Amino acid sequence: MKQECVFYMSNKTNKNYRYRLAYSRTGAMSWLAHLDLLRNFQYACRRAKLPIAFTKGYNPRQIMEFALPVGVGIETRKDPVDLELLEKISVESIITKLNVNLPNGIKIESAKYLDYPVKSLMSLVEAAAYTLKTDNLGPATEKVILVDSELIIVKRKRKGKTQEYNLRELILKVEIISNNEVKLFCKAGSVANLRPDMLLKALYERTEITKIAALDAIIVRDNVYLKNGG
Amino acid sequence: MVKLEKELFYPRHVLRQVEKPAQYLGQEWNMIDKSENMDHGQDMLPMIRFGFCFPDLYEIGMSNMALRIIYNLLNQRADVWCERFFSPAEDMRGFLHKLNIPLVSLESKTPLNQFDIVGFTLQYEMSFPTILEMLDLGEIPIHRTKRTRHSPIVVAGGPIVYNPEPLADFIDLFLIGDGEELLDELIDLYKTWDRNKESRESFLLRCTKLKGVYAPQFYEFVYNADGTIAEIKRTNTAVPQIIQKRIVKDLNKTYFPDKPIVPNTQIIHDRAYLELFRGCSRGCRFCQAGMVYRPVRERSVDLLIEQAKNVLDSTGYEQLGLLSLSTGDYSELPELGERLIELCSEQQINLSLPSLRLDSFSFDLMSKASQTRRTGLTFAPEAGSQRLRDIINKDIRETDLLKAAKIAFTGGWHRIKLYFMLGLPFENEEDVLEIAQLAKNVLQVYHDLPSELRKRRPQITVSTSFFIPKPWTPFQWVRQINKQEMEEKQSLLAENLRVRTLDYQWHDYELSLVQGIIARGDRRVGQVIEEVWRNGGWLESWSEYFSYERWLAALEKYNLDPDFYITRERTEAEIFPWDHINPGVNKSFLLQEYKKSQKGQLTSECNISCNYCGAMQYETGVCLLHVKQD
Ligand code: SF4
């Protein structure tokens, strides 16, 4: 006979304390899928013995919200993530406790206490900045994004429906830094979102850049911009 | 900034085109990195590099307790660095071949062939072709005879090492029994080996001096005309005639990994584990683990609680599992249960309670444990009829089961799974039909309840697998049923389970047949495994990669008859391919059990009385209860 048992404590205080952290990920950690990253954060919170707040109901979950899911193979520099705790503790202590308990390659860069109510962090996301690096990326990007005028249709599934976008409309700004480095400012969030792999695909399909070179690109998400500065 | 290429090892375009790339990159929490101790060259002590190989995917292997124990145990030694290897998935394997990248460790990305000792864990038969694939990807000759002075020593051990012969061509040394102490001794001995002065053969011969080490190269099989074994011959009299299993005597003094690696990608059992005891006192006659892990040795409650705290602290896991053959038999379960529940509710940990007994105490424990959620309950009567349960020595009465079902329904559990085996020895049509009847009786228990207790529709699932006779069990002599019988039994049962609230899940029979061949296979089966692998079979435990035809073709090529291994009933006098290994129980005890089974006689549990199985020689555990009466 076998049984799984679940324990949870009801949240006795009514108030949770919400913190907004900014994390970076590099190296092997940039290859975690979003859900695996989330699990890593949750385990780290437990190891750090933070007074975690849970959702109510039959399937309590730790209250933690990422601004924008991050794709496999993308580094981050200061991606926002919100965390709710049952007690108010200093941001310094949250940062130190988490950083000693996160695997090498994931790091909390900063944190702040939010003294105003926040419904959803995800809905605040407006734009994101990326740096991409691979051989001959500069000229290729220039050609596809800035010179050519042909439509580049990318598809995206949302709530069972497929939406089509013109890739160029998702890009707010392109900076060609060098022959092999490009900076990208683009729409992000639940309404319109550019995934850097869409661009890579457009590049190897439309320019001399090979598929291997395109897929060998280093992709860094430098920033995620929130409404009203978050 | 970090040099990413060095850290990632694989090109980014590869990582971007495989599923779950994180499984190849390591760097998990609690991973052990000794590269700093390696880089300083001269003034450092030489480090023994041990490659722990799990012949399946990361998501399967990382759940394995043997890996957690051995990895952390070996890495405790300053002079050893144990690193992990898993089988790549199909997509990654394609890239390794295409780009000529060898199989490398997760920790330092060192190729397998640069390790001193390479150790495979043997958990299930169908993983054997994967062993060949991993050796080959790791650029180690798959045949032990082809290995040179510089090749790693390839060892294997684990729960199914008690018939090592199907792998005898590929493995240098088998480690029989608990590995904790034996591995330590092996590494010490390894350090005395100077590859430039002493031959590989001579070193392997020295290894056989360690109790529990089997070096197949010093043994030969002589066959009769009918294919059975005439003699197991030693080619060197310095090696033991019988290789005796090693055990750790006192689990309270045995190493426990309280800092297991927390995987980066989802694995099948992503949770912390406690090992309550080793062995099982039940003596079910079909169960190999119940025989080869004798005698029962327990850990104390205090130690278990301490280990639970440590492992939860160090991992951050939110689930705790108990890992033993029959948790309900733990002698101090009431105390342990209470303290674990206290600990888990304090820390909001999910506790899973496997293998409990069907008594009201267990239900009490479970009710206390699950204050909010009732997930599914699994019962394993194994056989449908009392007659057959007596034959297999599974001491569960139908009345107990129905009583338990009643408590379960009343207590709010509405999903019940019943687990049975088809094709047990002496099974007839009646026994199969009784499985269906038993399931219906469980359903009836629900319908007999007063209506206020019948809030949710019950969901009852019958699940069957096919019985495979295993070496070192009382059923090692019996025939395994053939494909046609399997089909017949399964459809007979399915026809009789056509009830709306009953679900039926079954097992693939072709896989069971091949598993049966390997389980009781002899040294000749090694060629078959190799042939299957050469023809593209490598993740054979995954039904999507398994091909029955490929196995049949390989058997045919070597003139081996599947029925010789599967459906043939063995005579009492037959010499088995595993007779030179001894897991502690005697063949005579097993034979006596086999005969008792034919008469439907039960054998009592070890904690009630001793049946003199042979494990008394280890002078520990449950046997000590009975020493004075001798
Ligand atoms: S010797 Fe007796 S008590 Fe010990 S394992 Fe065997 S049957 Fe059980």
Side-chain angles (χ1 to χ4, degrees), chain A residues 1-10 26-33 35-50 52 54 57-62 71-75 101-106 133-134 196-197 200 204 210-220, chain B residues 1-2 4 7-8 11-17 20-22 24-29 31 262 264-266 270 312-319 328 341 344-358 362 366 368-380 404 413 417:
Chain A
M1 185 163 67
K2 184 171 141 186
Q3 147 86 56
E4 304 270 314
C5 305
V6 178
F7 291 94
Y8 83 104
M9 278 191 303
S10 56
T26 51
M29 293 302 132
S30 11
W31 297 87
L32 299 191
L35 280 179
D36 294 328
L37 180 74
L38 176 77
R39 275 177 38 256
N40 256 298
F41 265 92
Q42 291 176 335
Y43 291 152
C45 287
R46 275 187 179 271
R47 291 191 292 258
K49 299 221 176 293
L50 292 176
I52 309 160
F54 287 86
Y58 278 109
N59 207 351
R61 279 171 213 287
Q62 186 175 337
V72 174
I74 300 180
E75 297 181 27
N101 283 291
L102 279 164
N104 266 336
I106 305 179
K133 280 186 216 167
T134 195
D197 55 308
L200 293 180
Y204 70 73
T210 61
K211 185 174 177 186
I212 289 182
L215 296 182
D216 266 336
I218 296 176
I219 308 177
V220 178
Chain B
M1 228 184 82
V2 273
L4 293 179
E7 189 177 336
L8 295 178
R12 281 189 184 73
H13 75 268
V14 170
L15 295 174
R16 286 214 166 87
Q17 291 179 86
K20 301 185 206 153
Y24 306 108
L25 297 177
Q27 304 301 320
E28 307 96 323
W29 183 254
M31 183 197 94
V262 181
N264 274 338
T265 59
Q266 192 94 52
D270 201 8
L312 290 170
D313 273 1
S314 77
T315 57
Y317 272 132
E318 47 214 12
Q319 272 200 64
I341 286 174
C344 290
S345 57
E346 216 176 82
Q347 300 194 17
Q348 306 201 30
I349 302 289
N350 300 352
L351 174 67
S352 63
L353 294 168
S355 334
L356 292 179
R357 285 172 184 251
L358 295 176
S362 304
M366 288 192 315
K368 272 189 221 143
S370 67
Q371 285 146 349
T372 59
R373 205 164 52 167
R374 299 275 192 270
T375 53
L377 266 188
T378 306
F379 298 115
W413 281 273
K417 188 167 180 177

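Throughout, a chain's letter reflects where its sequence line sits, starting with A, and its residues are numbered from 1. None of the values given here were measured: they were computed from a predicted structure.
- At a 4.5 Å heavy-atom cutoff, the contact between A/N40 and chain B is made by side-chain atoms alone.
- Residues passing the ring-ring contact (aromatic ring centres under 6.0 Å, His included) test with A/F41, sequence neighbours excluded: A/Y23, A/F66.
- Both the backbone and the side chain of A/N101 come within less than 4.5 Å of a heavy atom in chain B.
- Counting heavy-atom pairs under 4.5 Å between each of A/Q62, A/R46, A/K211 and chain B puts A/R46 at the top.
- Between B/N264 and A/D36, the closest heavy-atom pair is O-CB, 3.0 Å.
- B/D270 and A/Y43 share a donor-acceptor pair across their side chains, judged by distance under 3.5 Å alone.
- Within the 4.5 angstrom heavy-atom criterion, only backbone atoms of A/L102 (N, CA, C, O) approach chain B.
- By the neighbour-count criterion of 12 heavy atoms within 6.0 Å, atom CG of B/D313 is densely surrounded, having more than that number from other residues, nucleotides or ligands.
- The side chain to side chain donor-acceptor pair (under 3.5 Å) check on A/Q42 picks up nothing, with sequence neighbours excluded.
- Contacts between A/I219 and chain B at a heavy-atom distance below 4.5 Å involve backbone atoms as well as side-chain atoms.
- With a 4.5 angstrom heavy-atom cutoff, B/Q17 touches chain A only via side-chain atoms.
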